[in-house]
Asks: 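After the structure tokens below, expect a handful of questions from me.
Throughout, a chain's letter reflects where its sequence line sits, starting with A, and its residues are numbered from 1. Given the structure is predicted, the values throughout are model-derived calculations rather than measurements.
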Amino acid sequence: MAAKLSAVLDVHQWNTPSYPTDKKQPPPYFTRISTHKRFTISCTSSKSPPKLSPNNKTESSSRKRKNPSLSDQLKPLSTTILADQPPNPHQSPQQQKLLSKPKSIWVNPTKPKPSVLSLQRQKRSSYSYNPQIRDLKLFAKKLNDSDPLDEAAFQAILAEIPHPPNRENALLVLNSLRSWEKTLLFFNWIRTLNLFPIETIFYNVTMKSLRYGRQFQHIENLANEMIENGVELDNITYSTIITCAKRCNLFDKAVEWFERMYRTGLMPDEVTYSAVLDVYAKLRKVEEVMSLYERGRASGWKPDAIAFAVLGKMFGEAGDYDGIRYVLEEMKSLGVQPNLVVYNTLLEAMGKAGKPGLARSLFEEMVDSGIDPDEKTLTALIKIYGKARWAKDALELWDRMKSNGWPMDFILYNSLLSMCADLGLEEEAEGLFENMKGSEYCKPDSWSYTAMLNIYGSGGNVDKAMKLFEEMSENGVELNVMGCTCLIQCLGRAKRIDDLVRVFQISVDGGIKPDDRLCGCLLSVVSYCDGEDVNKVLACLLRANPTLVAFIKLLEKEETHFENVKEEFKGILSNTAVDARRPFCNCLIDICRNRDLHERAHELLYMGTVYGLYPGLHTKAAEEWRLNVRSLSVGAAHTAFEEWLGTLTKMVQRQEALPELLSASTGAGTHKYSQGLGNAFASHVEKLAAPFRISDNKAGLFVATREDVTSWVQSRATSLASTT
DNA sequence: ATAGGGTTAG
């Protein structure tokens, strides 16, 4: 597959009529290669920790006080991004060679301008008015209404066609059929009548219906028939084939048919071209998309809003903020006005890139430009504000939605509920939930119930959560794995272990497949349970993830060697979803600490660090070193703090240099229900009699000066010496 | 749905 893609992207293999064959000529994309270069840098910048390659994304959601317009915020971009950059070591030797001579420009006026796409869009023949339209529409309706399984009935209706099936009449009916099966039957009937030659448009219309039914194989068969029968395949044919392949996830087929266009000397127009851009974008082949894009630009193509929506979506999926900025810049410099879809795509992309402030600016820019948001716009924005914990903005937007009468749909209702769950807005959620129950078309479904379970679960409202659980089975709404997790978390915290076991069993018996999050949740319950409860929860976990239970047993055995723990733990992490790895490690550390297996806890924390589960745990600036424990569980935070004190102690003893300030950050706990870590950390600091004090001006920060730490170490050494 | 390309939920 990879070889095939790179072959397609090598212009020299494209046998296009206007392409220069002289290899000494510079390739056409030289003219814009410096633009492409920006990209290769921004998209290859992500680093992966060793071995397990967990791609922990850090959500940067720091709130900006000022709110300049988006174009103002982008201004510095044009000064920084356009500067020449050093060659990127990640690029292929071929790319590097090209980049080393950025001055090379396509200058050969005697040859035609090399082109990868036709700047003229394929023209469509216009329909002439068909006086028989009423009769034929009625006929098509009969065909549509006939029993889909009864082919004989269909044939019987065909015989009663009210007007002769000439070219125009046949096209009209063919265009009116809904199911692909009937379209195909009608198409074949017309063919067997043999009244007129079957032109490209008949194939195209039939293929469109087949694409709607995702019948790629039928489409490909028809395309091959066209080739056999000498019927021309045009841009409409190809774009239909390519997009059908794409929707069926047959990306190699999409590329194969795209290649064939050039091979047969047909130049794609911008519709086909942007369809192919989307194929590569769906394959997450960012480099290839940009290469195609740049070559299209070099051919004189002025991309339209749809092409930019494709790019925006791709960069959003990659969480690539530089890419998103590039799309905005490029549209601005080409004078392409974003439409609603482009705005929606870019807003979503901003969310995925962790830029809520820029999403907000972009939204205001959109509204100011006179474009009204639709359900998708609002869904994207509500989700962003919820994830960023921007309660004020979320509620303001909600008010605006109501006062402006902006459109709502089911997904938006559920997104509002999820946002309430993210922000802990219990009353607002309850009001909305009641509205939904009273509505006709937006009755709560499993998503809605999950959001409510999430709210009650994280709020510790176990009775309301259980009431919802009963209500769900009464209303025939199925619990899903996330709702189950919320409920179990809540029951665990309330120590209602028998209810927990019951919910777990009903869920698994009902077909819920426990995922890593649910296992992590059970694991956390294990960490703070005692007595017989531990075994009850472990029995659930055994059903969901037996390896994990075996690992806990291994940790508990005193004779277990570190090497053994290391090996087993690596295996477990490798088989765990990336975003569940840190919670697993946190819980396992807690389990060890609650069983006085402190040495094990330190071993686990060490391995978690090695595998990149705790990036930025320790940061060193010239004047301050900081231990960042905000993503750690209580036990893991204690373990990390002990580890750090040990290191500091050794450094003092060896008289190594310390910075002026030492600090430990537990975070302020932006979530309404997450205040536990700071308190637990404070009492642990006290228990250890460590010299750290709660900072006066920054919440969730514990600070000590170099002198504090030094004298603390020395006094401890003295007291130890005097007791022995 | 009247021959072709792009966007919404843990």
Asks: Output the single nucleotide from B:dG10, B:dA9, B:dG4 whose closest atom is nearest the side chain of A:Met482.
Replies: B:dG10
Asks: Does the gap between the ring centers of A:Tyr203 and A:Phe187 come in under 6.0 Å?
Replies: yes
Asks: Taking only the side-chain heavy atoms of A:Arg124 (C-beta and beyond), determine which of B:dA3, B:dG10, B:dT7 contains the nearest atom.
Replies: B:dA3
Asks: Where the side chain of A:Asp269 is defined as all heavy atoms beyond and including C-beta, which of B:dG4, B:dG10, B:dA9 is the nearest nucleotide?
Replies: B:dG4
Asks: Mind listing the closest non-hydrogen atom pair of A:Ser507 and A:Cys484 along with its distance?
Replies: OG-SG, 3.5 Å
Asks: Which of the following nucleotides, B:dT7, B:dA3, B:dG10, is nearest to the side chain of A:Asp234?
Replies: B:dA3
Asks: Quick one: are the ring centres of A:Phe433 and A:Tyr449 less than 6.0 Å apart?
Replies: yes
Asks: Ignoring backbone atoms, establish whether A:Lys282 has a side-chain N or O less than 4.0 Å from OP1 or OP2 of B:dG6.
Replies: no
Asks: Which of these nucleotides, B:dA3, B:dG6, B:dG10, is closest to any side-chain atom of A:Asn480?
Replies: B:dG10
Asks: Which listed nucleotide (B:dA1, B:dT2, B:dG4) is nearest to the side chain of A:Ser176?
Replies: B:dT2
Asks: Does a nitrogen or oxygen in the side chain of A:Lys246 sit under 4.0 Å from OP1 or OP2 of B:dG6?
Replies: yes
Asks: Measuring from the side chain of A:Asn414 (C-beta onward, heavy atoms only), which nucleotide among B:dG4, B:dT7, B:dA9 has the closest atom?
Replies: B:dA9
Asks: Any base atoms under 4.0 Å from A:Tyr238, or only sugar-phosphate, or nothing? Heavy atoms, all strands.
Replies: nothing
Asks: I'd like to know if A:Glu317 and A:Lys282 make a salt bridge, using a cut-off of under 4.0 Å between side-chain N and carboxylate O.
Replies: no
Asks: Of the nucleotides B:dG6, B:dA1, B:dA3, which one has an atom closest to the side chain of A:Asp278?
Replies: B:dG6
Asks: What parts of residues 164-171 of chain A reach DNA chain B, counting only heavy atoms under 4.0 Å away?
Replies: none
Asks: Please determine if a side-chain N or O atom of A:Arg247 lies less than 4.0 Å away from the OP1 or OP2 oxygen of B:dG6.
Replies: yes
Asks: Any side-chain donor-acceptor pair under 3.5 Å between A:Ser176 and A:Lys137?
Replies: yes
Asks: For A:Glu396, check salt bridge (Lys or Arg N to Asp or Glu O under 4.0 Å) against everything at least two apart and list the hits.
Replies: A:Lys392
Asks: Are A:Phe196 and A:Phe202, when compared by the centres of their aromatic rings, separated by less than 6.0 Å?
Replies: yes
Asks: A:Ala275 has a side chain; which of B:dG5, B:dA3, B:dA9 sits nearest to it?
Replies: B:dG5
